[in-house]
J.: 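Questions regarding the structure given below will be posed in turn.
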Protein chains: 2
Amino acid sequence: MTKPTPDPRHTLTLRDVSEASGVSEMTVSRVLRNRGDVSAPTREKVLEAARALGYVPNKIAGALASQRVNLVGVVIPSLSNMVFPEVMTGISETLEGTGLQPVVGVTNYLPDREESVIYEMLSWRPSGMIIAGLEHSTASRAMLARAGIPIVEIMDIDGTPINHAVGISHRRAGRQMAEAIIAAGYRRIAFLGTQMPNDFRAKKRLEGFEEALSKAGLTLVDREYYSGGSALLKGREMTAAVLNRTPDVDFLYYSNDMIGAGGLLYCLAQGLDVPGRIGLAGFNGVELLDGLPRKLATMDACRLEIGKMAAKIIAEAPAGPQVEELFPTLEAGDTIRRS
Amino acid sequence: MTKPTPDPRHTLTLRDVSEASGVSEMTVSRVLRNRGDVSAPTREKVLEAARALGYVPNKIAGALASQRVNLVGVVIPSLSNMVFPEVMTGISETLEGTGLQPVVGVTNYLPDREESVIYEMLSWRPSGMIIAGLEHSTASRAMLARAGIPIVEIMDIDGTPINHAVGISHRRAGRQMAEAIIAAGYRRIAFLGTQMPNDFRAKKRLEGFEEALSKAGLTLVDREYYSGGSALLKGREMTAAVLNRTPDVDFLYYSNDMIGAGGLLYCLAQGLDVPGRIGLAGFNGVELLDGLPRKLATMDACRLEIGKMAAKIIAEAPAGPQVEELFPTLEAGDTIRRS
DNA sequence: CCTGCTACTGTTACCGCTAACAGCCACAAG
DNA sequence: CTTGTGGCTGTTAGCGGTAACAGTAGCAGG
């Protein structure tokens, strides 16, 4: 008489597989991890038993025993703005095949939330962390610094990284855009952006932008902020507000492509001559918008590349700190006058 | 002479905090988890020591010992299409305060990938799983079924759930849209969608749509598929192709709002009378697009609500299976003729 | 025959934490 | 004085795996 089927509600362990296949737990472990030498027949027996039982290894126990966790924490402010999904794609692609796996945490641009997300992630002892931005609470920086794992701060390099960093200079990006706008002959320039005190990158772009303006003896003739809601719609509304308040404005600089697109649609609907009477520019190089009637001027933020390089750094865990600056390209599109 | 500072590279354990504060590891554990009775002064001492050392608990060990993991696996096909981020928002909001935390896995609509994502997640012994769709490989279903945790399949209810399900009937959604279109007097109707054999929900919508057409004695006069690229741009291109090939088409039904928006912009640019000469409709109710010159007809997919209800089921872990059907509302917008 | 080596399998001791239980003390009640 | 009782703290024994090491057998070479 064979042993009765064990309680099917009991979660399986190596011991179950070991008993079912008549070898030690250690051998089962070796088979399932493809590590060490196991004879072909034994291997077959074990795999067969594991499959038959529907055994799923317990990584918690495995990780505790081996002191190795194949997870990489990724901390980003938001998933809904088109920029981070692309970064994630880069990370996933590069991690593929390294045995590492990304785990995402979202902070909604809240420093407190960031701190708790980091804490929570570190408590799972990941093999590395990728975090958007260089601005973190003191506690966050301290936790990361003493975690003893590679930390990569991404998107931005205007500041002091904890360890590694991959990104672009947003300050420079803002400056370059301003220079291009000025060179094209625009002079009465307004800024339209999000009201997010913790979007440091948007803030830096604006700083660089204003810096370049002031170097040319100019200042912003108007500015408008929004928060929440549909970006495209907000872009329309803000644009209407600015045009109404400052009718002689000749350029609108948006903090992102989505509100820029809303503005563009509004200007076209109003029959304004774009880019003759008025020019527009955004930021990000969102592929999503390629189908607009006219191509919005923008700067691509190298998102895919940033994801790939960050993941590469984690996978290779270089000894010394590493800072990689990428250089966005300005795409003038159809909304800046050509000389 | 005081003890020398311990190796700062050594990762901290409860023992370090226990030594630093002069109490047992157990008491430290109790303090850090707020469990059991600990005197106020002891509590203070421990917290102080933990903070000073920068101790981050090891959840791997904790989970193994307590057999409890505060993680909920969420398996979705994609992050870049505006639909799942909103579902995630619903999940996060509801999980907030339950002590549970979502962990996302992305499958890119690939069944093999889905299987490995599920396996990987289950190996961390989460407290529950939320998975998009009802179609999974036999192995996936088996793993989920015997994991002994609540499983919620979301988005769709046209099929047999493993356990719980929350979603809408996509077949019915397609049917309803067709009925509205027919009622508005359109007769020469084309379909434009994605070429994704594994997007079962889009497929079901189309089936329902055609079913309703045929009940009215109609068939699709044209169809066009695409894959990859910028959805807005593809929408334009596909629309151009259909209008070119079938000039007398009078309605374009898109499988999602994004390509629908591209089509809308194209039609408007061509000076076509929308919705007089030609009508358009999409699917999803993407808020993002609210800023378009004209509001595209669509059906909202109840994404936020689905996320919330799924999370609620996980948190409450009801005894019996539970299937929740939600009912999307048709938003006629400005692209279907009003009677 | 012994040695050394390779190929395979088993034993033991943890990994860092928590459940369960066992003290200990002060104080109230009998 | 004994006995409870509640508040607080410590001890012990795992959780389910894996690293490290310890066999064991078979076989080639001297």
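Here is the naming used below: chain letters follow the sequence lines, and residue numbers restart at 1 for every chain. None of the values given here were measured: they were computed from a predicted structure.
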J.: Please state whether the phosphate of D:dT9, meaning OP1 or OP2, lies under 4.0 angstrom from any side-chain nitrogen or oxygen of B:Thr27.
T.: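 No, because none of the side-chain N or O atoms of B:Thr27 sits under 4.0 Å from OP1 or OP2 of D:dT9.
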J.: Quick one, give me the B/S/- string for nucleotides 14-22 of chain D, reading 5' to 3', where B means a protein heavy atom under 4.0 Å from the base and S means that only happens at the primed atoms, P, OP1 or OP2.
T.: BBBBSBB--
J.: Rounded to the Å, how far apart are B:Asp37 CG and C:dC25 C1'?
T.: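 Computing the B:Asp37:CG to C:dC25:C1' distance gives 15 Å.
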J.: Tell me whether the side-chain N/O atoms of A:Thr42 come closer than 4.0 Å to OP1 or OP2 in C:dT9.
T.: yes
J.: List the steps and the verdict of side chain to side chain donor-acceptor pair (under 3.5 Å) for B:His136 and B:Glu115.
T.: CA-CA 8 Å; B:His136 313 291; B:Glu115 196 169 311; over 6 Å; no
J.: So, A:Glu48 and A:Lys45, do they make that salt bridge, N to O below 4.0 Å?
T.: no
J.: Less than 3.5 Å apart, any donor N or O on the side chain of B:Arg33 or B:Ser29 sitting next to an acceptor on the other?
T.: yes
J.: Looking at B:Glu96 and A:Arg113, is there a salt bridge between them, counting it only when a charged N and a carboxylate O are closer than 4.0 Å?
T.: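 Looking at B:Glu96 together with A:Arg113, the answer is yes, because their closest N to O distance falls below 4.0 Å.
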J.: Answer with yes or no whether the side chains of A:Ser92 and A:Thr89 bring together a donor and an acceptor at under 3.5 Å.
T.: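 Their side chains do not contain a donor-acceptor pair, so the 3.5 Å distance test is not met.
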